[in-house]
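Note on naming: letters A, B, ... go to the chains in the order of the sequence lines (proteins, then strands), and numbering restarts at 1 for each one.
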Amino acid sequence: MKRVTQSELLDRLVAEGFLGLDQVTAIKTHFQSWVSRHGQPWFIKVLQGLGGWLSSIMLVLGTLLLTGGDESGALVMGILMLLGGTVFERSKEASAFVSQIALSAVLVGFGLTIYGLDIPSNAENETVYLMASTTVSVVLCATLRGWVIRALMAFFALISGVFLLIQQTQSHLIGTLMLLMVFGLAMDMMLRENAMHARLKGYLGPLRASFIAFALAGTIVDTGMRTIDTSGAGYSAWVFPIGLTLLFQYVLHQVLSALGLALTRGRSLLHGFSMMVCACLAIAPGIIASVLFMLLATRSRDRPTLGVSIIALVGFGGQFYYQLDYTLLFKALLLALSGGLMLYGGYRIQRISEP
Amino acid sequence: MSEERPPVNQADRIVTLQEVDGLLAEGLLTPDVAERAAEIITGPAPLNHWLGYCRAALFGLGALQILTSVIFFFAANWSLLNKWERMVPIAGLLICCGLVSWLRHGTLIGRLFLTAAMVLVGVFMAVFGQIYQTGADAWTLFASWAALTVLWVIISQFWPLILLWLAVFQVAVFLCMEQVIGAEPHDTALVCALFIISAIGLLQWRISSVPRWFLRVLTVNAAMMLTPVVIESDIGLLLTTALVLVVLVGWYRRAITDLFIPAVSLGLGILVLNRVLVSDFGIRDVFAIGLFGAIEVALAAAWLRRQWVKRCAS
């Protein structure tokens, strides 16, 4: 879906009488200066995030090798690097170079601090690690200003938080429900972008990215568990696909409502049709999750998420072949059924769009 | 076809909610205008766009699933089928797909059926080879598949189909070099990477209608092929260094207009530098390597950002 460009926005505002032509020049100048101060394409963010993360792992390992694995030294160094990195990162005058170095410093400080807590590793003390990791991540996400570091910290916070809950309750069902909740929150951020932006401001983009990344990572874990634990006894095998199907219906309802389509028989048919496709694909919830994000990304014209969803769809589709607890014939039948339903849906839409 | 490509505007002039906030803070918009602007930015696309999108997505996904189900069905019943039962349905489907793509040529449906036909050519050849085993190497299957379908691909001018064909071609090259010459995997990866890089160069130079996403996928493909080459081969290291320099010169000369390509090249450049550091210092100096890595990424990000701002302003 095409995104709204600056000139399109200005044209529409002028056409609707919200702006005069004299104001347009000043706004265009502002757009230029905003790009030079804050603008950054997604692939630079990816480079920063990946590069910062990889170099930080090496720096943490290197520091531990240099200090001989001394926990108290690591803790002191970690806190110092966290503080230093935070100060530099929050500086208004920081260049892109300094911001990236600060990002690495914060990540190294984070790793060293968690290591330096020196908690004997046993099941009970894992809780302290997870609590410390969650708290530090949340504080850093709230304190730091950069898009990439906020997203990374929110991702760490989500991982530690969900593991903490699973560890405390000893229930995979809680993990599945938390994963579905993260899906729901990511959906909410995409469907009600305007309202969420008013509330979260600069946190919206990084939080949304981390929630989507966590949701897809959690789906990969769920898919892995389905491959290992074929009986599904160790976790709630049907909760996840049913939850995803309901979320899909909700997103579809929201999209159709936003398009101004009345609640007619045709719309009910669309819901029924999509429920049937979801039912066919219930043994591969990763495919439902990918299609759900494709729909959401299209709704909010979010191209990076659309790209990630397509890659996820290919990955989960390939993995479907290796689900050995179902026969190939059964899988062929499911695919033919859902494929046939999709082709029929496409044909119906073709008839609507071609008078 | 050789007309000058218009420069890619790196900002794409896409407006964000943060920019609207900035306008509001500067007093250039009143709150009600800012609210309307936010509504326009976050509102759904028009209904006709949605219909087009849903039609393409449903036809694409539906066709893909039907094709996969056919493959699964044959795999499931393989041992029960005789040679005619194995080949005739695939040939029938292939002819049907070919007919539909011919009757609906130029439309999305025609192109999707042509893509399906291309996949079925490979499936048919695999089945044929399985029944009448000649003892030929596996690379001949992929090479014949690529050779038989190359004309369809050129005629279709359908970029996803071209991408699929390139994947088949690379597998053919990979297997051929491995099975015929006995080449190392990094050498075959280097050959594939050089082929893809040549394709990117040719497309940039000759074809103005090539979509940006296609060039970006090819760039990532080339980078993934070059990664093991950089790690394992000194010649690959030198060639990759030269390639990074060529890309940067191309960017300055404005022969390359999408900053994504220099960004991926710089990522490879960082890999090259770290590979040299690891060879010289050894993995025990992991702290120094990590430190250099952080500085390299910071320099690359700063340079890329400056270039992006410059191109946006020009």
Top contributor to chain A contacts, counting heavy-atom pairs under 4.5 Å, from B/Ile71, B/Ile295, B/Asn48:
B/Ile295
What part of B/Thr16 gets closer than 4.5 Å to chain A, counting heavy atoms only: side chain, backbone, both or neither?
side chain
Can you say whether A/Leu19 sits under 4.5 Å from chain B via the side chain, the backbone, both, or neither, judging by heavy atoms?
side chain
Which answer fits A/Ser338, side chain, backbone, both or neither, if we ask what part of it has an atom under 4.5 Å from a heavy atom of chain B?
both
Atom group of A/Leu313 that falls short of 4.5 Å from chain B, counting heavy atoms:
side chain
Of the listed residues (B/Thr68, B/Leu291, B/Val70), which shares the most heavy-atom pairs with chain A below a 4.5 Å separation?
B/Leu291
Using non-hydrogen atoms and a 4.5 Å limit, figure out which bit of B/Glu296 sits close to chain A: side chain, backbone, both or neither.
neither
Against chain B, label A/Val46 side chain, backbone, both or neither, depending on which of its atoms sit under 4.5 Å from a heavy atom there.
neither
Residue from B/Val20, B/Leu29, B/Leu61, B/Leu67 scoring the most non-hydrogen pairs under 4.5 Å with chain A is B/Leu61
Should we count CZ of B/Phe72 as having more than 12 external heavy atoms under 6.0 Å?
yes
Counting only non-hydrogen atoms closer than 4.5 Å, does A/Thr63 touch chain B with its backbone (N, CA, C, O), its side chain (CB onward), both, or neither?
both
Parallel, tilted or perpendicular, judged at 30° and 60°: which one describes the rings of B/Trp50 and B/Tyr53?
perpendicular
Measuring heavy-atom distances to chain B, does A/Ile311 have an atom under 4.5 Å in its side chain, in its backbone, in both, or in neither?
neither
State whether the side chain of A/Glu89 and the backbone N or O of A/Arg145 hold a donor-acceptor pair below 3.5 Å, judged by distance alone.
yes
For atom CD of B/Glu35, is the number of surrounding heavy atoms from other residues, nucleotides or ligands below 6.0 Å larger than 12?
no
B/Arg311 to B/Trp251 six-membered ring, cation-pi geometry met (6.0 Å, 45°)
yes
Test item: A/Arg301 side-chain N/O and B/Pro44 main-chain N/O as donor-acceptor pair under 3.5 Å
yes
Turns out that what part of B/Leu64 lies under 4.5 Å from chain A's heavy atoms comes down to neither
Top contributor to chain A interface from B/Ile270, B/Leu28, B/Ile41, B/Leu17 [non-hydrogen pairs under 4.5 Å]:
B/Leu17
List the steps, then state whether side chain to side chain donor-acceptor pair (under 3.5 Å) holds for B/Asp32 with B/Thr30.
CA-CA 6 Å; B/Asp32 58 324; B/Thr30 56; 2.6 Å; yes
Below 4.5 Å, heavy atoms only, C-beta onward: do B/Val33 and B/Leu24 meet side chain to side chain?
no
So, the part of B/Glu26 with a heavy atom under 4.5 Å from chain A: the answer is side chain
Check whether A/Gln48 reaches the backbone of B/Ala301 with its side chain - one donor and one acceptor, N or O, closer than 3.5 Å.
no
Part of A/Ile44 lying under 4.5 Å from any heavy atom of chain B
side chain
Out of B/Asp280, B/Asn274, B/Val278, B/Leu273, which one pairs with B/Val276 under the side chain to side chain contact (heavy atoms under 4.5 Å, CB included) rule?
B/Asp280
Do A/Lys331 side-chain atoms and A/Phe320 backbone N/O form a donor-acceptor pair below 3.5 Å?
yes
Among A/Leu329, A/Leu50, A/Asn194, A/Val108, residue most engaged with chain B (heavy-atom pairs, under 4.5 Å)
A/Asn194
Answer with yes or no after comparing the ring centroid distance for B/Trp213 and B/Phe260 against a 6.0 Å cut-off, counting only values under it.
no
If you count heavy-atom pairs under 4.5 Å with chain A, which of B/Leu58, B/Leu304, B/Val309 comes out on top?
B/Leu58
Under a 4.5 Å cutoff for heavy-atom pairs, which residue among A/Leu61, A/Leu10, A/Ile27 has the most contacts with chain B?
A/Ile27
Go through A/Glu193, A/Gln100, A/His30, A/Glu16 and name the one with the most non-hydrogen pairs under 4.5 angstrom from chain B.
A/His30
Under a 3.5 Å distance rule, please check whether B/Arg275 uses its side chain to pair with a backbone N or O of B/Val230 as donor and acceptor.
yes
For B/Leu266, is it the side chain, the backbone, both or neither that has a heavy atom under 4.5 Å from a heavy atom of chain A?
neither
Does any heavy atom of chain B fall under 4.5 Å from the side chain of A/Gln23, the backbone, both, or neither of them?
side chain
